[in-house]
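As structure tokens, the structure follows; a few thoughts come after it.
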Amino acid sequence: MSNKKYNHKSIESKWQKKWEEDKLYKTCENKKKPKYYILDMFPYPSGAGLHVGHPKGYIATDIFARMKMMQGYNVLHPMGWDAFGLPAENFALKNKIHPRISTDKNIATFKSQLGKLGFSYDWEREINTTDPEFYKWTQWIFLQMFKKGLAYESHEPIIWCPSCKTGLAQEDLENGKCERCDSEVERKPMRQWVLRITDYAERMLNDLDKLPEWESSIKEMQKGWIGRSEGAIVKFPISNFQFPINFQNSNDKNLKSKNYFKFRSNSIEKIYSGQKWVTFRIEPKDVKKGDIVTIIDWADGDKKNQKEKGKAIITKVDKKRLKDLPLNYFGHEKYTTYEKMKSEFGKYYDEEIKNDSIVHIYEFAVENFEQKIFTTRPDTLFGATYFVMAPEHPLVKKITTQEQKSEVEKYIKFAGGKSELERTELAKEKTGVFTGSYAVNPVNGEEIPIWIADYVMMGYGTGAIMAVPAHDERDFEFAKKYNLPIRQVVQKINDKQTTIKNNPEVFTGEGININSDFSDEILSNTKTPEIGAFDGSEDCCPRREIQICQPVNSITDNKKDVKRNNDVEPTEGLEPSNHRLTNLDLHHAAGTSTPNLLYQENKDITKSLNGLKTKQAKEKIIEWLEKNGVGKKAINYKLKDWVFSRQRYWGEPIPIIHCEKCGAVGVPEKDLPVKLPEVEQYAPSGTGESPLATIPEWVNTTCPKCGGSGKRETNTMPQWAGSSWYYLRYIDPKNDKVLVDKKKEEYWSPVDFYVGGAEHATRHLIYARFWHKFLYDIGVVNYEEPFKKLRHVGLIMAEDGRKMSKRWGNVINPDDIVEKYGADAMRVYEMFMGPFSQSCAWSTSGLVGTRKFLEKIWGVKLKVKSKKLESNNLNMLHKTIKKVGDDIKEFKLNTAVSAMMILVNALEKEKEISQEVYEKLLLILSPFAPHITEELWGELSNKESIFKQKWPEYNPKLIKDEKIQLVVQINGKLRDTIEVDADISENDAKKVVLESEKIKKWTEGKKIIKIIFVKGKLVNVVVK
RNA sequence: GCGGAUGUGGUGAAAUUGGUAUACACGCUUGCCUUAGGAGCAAGUGCCGCAAGGCGUGAGAGUUCGAAUCUCUCCAUCCGCACCA
């Protein structure tokens, strides 16, 4: 046996060449062997090349794959390139090189770097997402989705990155900025292709439970990303329309009014087109041409002094005018007695009205609006005291009243000027303005003011909310700031006495009773808290006035039935509310128009909810909402449909042809792939058009349906398209008939083990699961979930603890490490650094340690004396075999390495070691350090590759210890260890222990209370 | 704020059906060998103490014969989400 020095350079290149020549890693379908498909997330071949962190996952899967191979599995372990995407394109733009060229160059670099590490990839299955033979099938999948209606065109505003000049999906944001370039993003309405991923939201969520071998952290991330919440959608009619109105002396008995309306003093002063108008609010569906309405003023807040102020006749509806006018403008004719009114206009104007005997005719138009809201707490509907829409909500323009117009516009501008970042993270202080309009709460007919505020997001739910400040912290904050009323309707059942923690400045009481169990809250109205305290939980608000389910009267012909929402009789079964009017109430509570149907129902619903726990109350109220056609049970997802268009060059062309006659038509499958054309100018235009739009000879084509002229879709797919299904193509990479052969797919699917970065938890892994489920639905694949087991790889940081980056100049290139210390040392070191999924800083001296370990193995070769040798290392060897096998399986690669180090340290101390022990050591080390072990294996005059050998099995008899160190404790503290037979009986052990001199010292003069014996481990003597 | 994870020597970290805390490696100290190297070998290395012994796994409490491990409260760090209604 040679005693030459360990020269990693010659060994590694020699074996890499040989393995390739021998096609050692060629994978074929072999029905006789069990299959194992182990996959790395394929890299994006960036111009910077690999740093030492990138291969960590590949090393681990390689170790796993090699062990599986040696254990008799047919292993599929492929590699490829995710090569479409913005960086390549940006690099190309900057350096004036076509992305095709730079991409190919980068791939070559990556491949050579990976090659030096000695991976067992079957390169005959290499794939590349930019290869037309590959993206043909990416386009094919898109077409199938298009056929099924899962790909659609939309014109909704989407996220736009002004720097990358392309639209983005919500997943492409990081902290509200473009994930690629860190730019502030904008919202931009544009035509785009969108994939209906939300159709799969429920399944993707539920099927997470079918993935026990996924890390829970990633499953949790996906759950959060899908963001399912259960609740209700509730319709709120928008009641507030303004129109100028004329009053008639109420003494005129000839006029019989149909409706009563409340009139608010602070609604009077309106300036519009330089003229002053009287406005008031009305439920539009309740009036029509010819109606006479009675005006009652109660706005001074004194409900006992309500007076009928006059009557108005509605004579004409002119919808034409709506076209040119703001929709909230309903009146036109000047109030003729304006001059008269003006002088005395103000808070009280009784005289003015009384003296005005002229009946004025006004035209007006009404339009019915309603806004749906989503809530998870329909049980708090009665606590809604105002309504909020997102500033960019399309309805805002229509409902804003004239007098609020400038304020609202100002605010929209203010809110729109904020970046996404400011709006979410930085803007802690809530802001908003009143629109002047009101929404009607369907459960009690109460009118609540509609505000706009940017704490309500257009992108979630319906972009509008009912605000329940007593039970929602954000609403509470807002209500406090703008003095909006707060009304508690739900209360916790008393259980534990706890002091309220929030708002100590407001909370003055003795402490309230909070039961931390959410399910125990009930609907109640028994408390009388003060305005201004939010409970901090969503359920409890102490010391505030309560009004629950205030029933509001229907409109009837009978005047005595007209009631306001602050002088109602309490509904049966409810405590009378102790309503104290505040200035706020005056401001907002006015003008209740009253949906007819609700009164009786209200009574019932109020009664039936009282005392219920939240869960049941929610169910009840939803039932009621559904019965009355004002709402329904609903599930809302945070997940948005996948914005699938990119206005960039370097991506898969979307295979659609636009025809004036036929609309968007899919490219026939026989014409796939739609190849990305060669183009002179591939810079993004920034106008929302892809650079492909500048190639008329490519764009102009014929419609496959009618044969007329058509234009190609010029948007390309996002980077995540190819990676959403690439793992299937490895199974059958050269097939030009189908995406993947059914039989082969049946054999290899699913991916048994998938390893990659945690950063893909909510993008690639969501998209791939979505596509896979779709492919399952159309019968292309056999399993509903693509990846059976998933582990994420921890980052390797630079030695300074920062991320490796050109910017910091701390990047370590694997080529240099391989050159200096060898691929094997690097492989072993990266596994030895720490737990696989944990991030860890690189340490070159640590690497030197593993290099020394390999040198020790190289060194002990000289001690190998004979084929068979009685060895006292057999016990340790078999223990190590067991541990290494178990640890690789568990991906505890760091402790597998340390176990082998312990064995080698022990062997080093021996004078001679048997070849059997040494060979088995090489076998279990070979997945970690393939080159050196293959070399040493050969030196032991083995002809066949070490990787064609069987994985060694441990002998259970040999791992049993004959003697153990029996631990002796006194009262749980270690006092002695005694060597005894491993299978010592309880009685013998006790006897030995009590005879020990050391132990006698501790037990002397004390009473032995009991002796605990743990077989094969310890004896604990309890003394007193 | 919500969700998840983590917290052990000078450093990376072992140890989890509760049973000798700090395996393995780095670093450091001393010595040897060569001699000026980031090489090799040997010994040592949690803290206090001469010792006996005591203390020690983020902090505090609890359960237990016995807790790094289980329970509760709190603190810190990291990751993800974030005004999600």
Side-chain angles (χ1 to χ4, degrees), chain A residues 173-176 215-225 227-229 231 373-378 380 384 388 390 423-431 453-457 459-468 471-475 477-478 538 636-639 758-759 761-762 792 794-795 828-829 832-835 837-850 852-853 855 859 892 894-905 964-977 1001 1009-1024:
Chain A
L173 293 187
E174 202 172 288
N175 296 323
E215 280 171 74
S216 62
S217 63
I218 290 185
K219 285 199 274 188
E220 287 307 315
M221 274 191 227
Q222 292 214 347
K223 271 183 201 167
W225 195 262
R228 180 186 199 270
S229 22
I373 57 110
F374 173 75
T375 175
T376 54
R377 294 293 308 273
T380 62
V388 191
R423 185 157 165 184
T424 53
E425 274 180 43
L426 306 176
K428 282 176 193 121
E429 174 90 2
K430 293 196 172 21
T431 53
D454 64 3
Y455 83 91
V456 172
M457 302 290 148
Y460 184 77
T462 61
I465 60 157
M466 64 163 184
V468 187
H471 303 293
D472 182 284
E473 195 162 0
R474 295 152 301 168
D475 297 342
E477 223 179 278
F478 192 80
E538 56 174 322
N636 196 55
Y637 297 97
K638 278 199 269 182
L639 187 72
E759 69 272 20
T762 51
H792 83 263
L795 290 176
V828 175
Y829 172 62
F832 183 61
M833 289 175 92
S837 296
Q838 194 174 302
S839 77
C840 188
W842 178 268
S843 150
T844 300
S845 53
L847 169 72
V848 170
T850 56
K852 284 185 196 167
F853 163 63
E855 279 171 4
K892 284 153 76 175
N894 53 334
T895 51
V897 173
S898 81
M900 290 185 284
M901 284 174 168
I902 292 167
L903 176 64
V904 172
N905 288 346
I964 55 150
Q965 295 293 317
L966 184 72
V967 172
V968 187
Q969 296 178 329
I970 306 289
N971 290 346
K973 287 215 195 308
L974 175 74
R975 296 303 179 194
D976 198 8
T977 54
K1001 210 175 80 192
I1009 293 168
K1010 61 174 161 178
I1011 300 176
I1012 286 142
F1013 173 73
V1014 181
K1015 196 163 166 54
K1017 283 244 166 89
L1018 63 72
V1019 171
N1020 186 10
V1021 185
V1022 186
V1023 298
K1024 208 176 181 180

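Naming convention: chains lettered A, B, ... in sequence-line order (proteins, then strands); numbering from 1 in each chain.
Of the candidate nucleotides A13(B), U20(B), A23(B), A23(B) has the atom nearest to the side chain of Ile902(A). The side chain of Thr977(A) has U20(B) as its nearest neighbour among A14(B), C26(B), U20(B). Comparing C26(B), C83(B), C81(B) against the side chain of Met457(A) picks out C83(B) as the nearest. In the set C83(B), A85(B), G38(B), the nucleotide with an atom closest to the side chain of Thr376(A) is A85(B). Here the side chain of Pro835(A) is nearest to one of A85(B), A13(B), G53(B), namely A13(B). Comparing C79(B), A85(B), C65(B) by their nearest atom to the side chain of Ile1012(A) picks out C65(B). Across A13(B), A85(B), G4(B), the shortest atom-to-atom separation from the side chain of Phe374(A) is found for A85(B). The Tyr460(A) side chain lies nearest to A85(B) when the options are U20(B), A85(B), C83(B). Taking the side chain of Asn1020(A) as heavy atoms from C-beta on, and the options G19(B), G12(B), C83(B), the nearest nucleotide is G19(B). Picking from G27(B), A23(B), G12(B) the nucleotide with the shortest atom distance to the side chain of Ser845(A) gives G27(B).
As a whole-Å value, the separation of Gln838(A) CD from G7(B) C1' is 11 Å. Between the CE atom of Met901(A) and the P atom of A13(B) there is a distance of 15 Å, given to the nearest Å. What separates CG of Leu639(A) from P of C81(B) is a distance of 14 Å, to the nearest Å. Here the P atom of nucleotide G80(B) and the CG atom of Leu795(A) are 10 Å apart, to the nearest Å. Put simply, CD1 on Ile964(A) is 12 Å from C1' on G19(B), counting in whole angstrom units. Whole-Å rounding puts the Asn905(A) CG to C41(B) P distance at 11 Å. Here the P atom of nucleotide C78(B) and the CD atom of Glu220(A) are 22 Å apart, to the nearest Å. In this entry the distance linking NZ of Lys223(A) with P of C81(B) reads 17 Å, nearest Å.
Put simply, the side chain of Ile1009(A) does not reach to within 4.5 Å of the side chain of Val1023(A), judged on heavy atoms.
Residue-level contact check: Lys219(A) touches neither bases nor backbone, having no heavy atom under 4.0 Å from any strand. Among the heavy atoms of the strands, none lies under 4.0 Å from Arg228(A). Among the heavy atoms of the strands, none lies under 4.0 Å from Gly224(A). Asn636(A) comes within contact range of no nucleotide atom at all, as no heavy-atom separation falls under 4.0 Å. Within 4.0 Å (heavy atoms only), Lys638(A) reaches at least one base atom of the nucleic acid.
Phosphate proximity of U11(B) to Ser843(A): absent, as no side-chain N or O sits under 4.0 Å from OP1 or OP2. Side-chain N/O atoms of Asn894(A) include none lying less than 4.0 angstrom from OP1 or OP2 on C24(B).
Rounded to whole Å, the separation between the P atoms of A25(B) and A76(B) comes to 37 Å.
Annotated as syn: G9(B), whose O4'-C1'-N torsion sits within 90° of 0.
Judged by the 6.0 Å distance and 45° axis criteria, Lys430(A) is not positioned over the aromatic ring of Phe478(A).
Within 3.5 Å, a donor on the side chain of Gln969(A) pairs with an acceptor on the base of G19(B), or the reverse.
Tyr829(A) and Thr844(A) share no donor-acceptor pair across their side chains, judged by distance under 3.5 Å alone.
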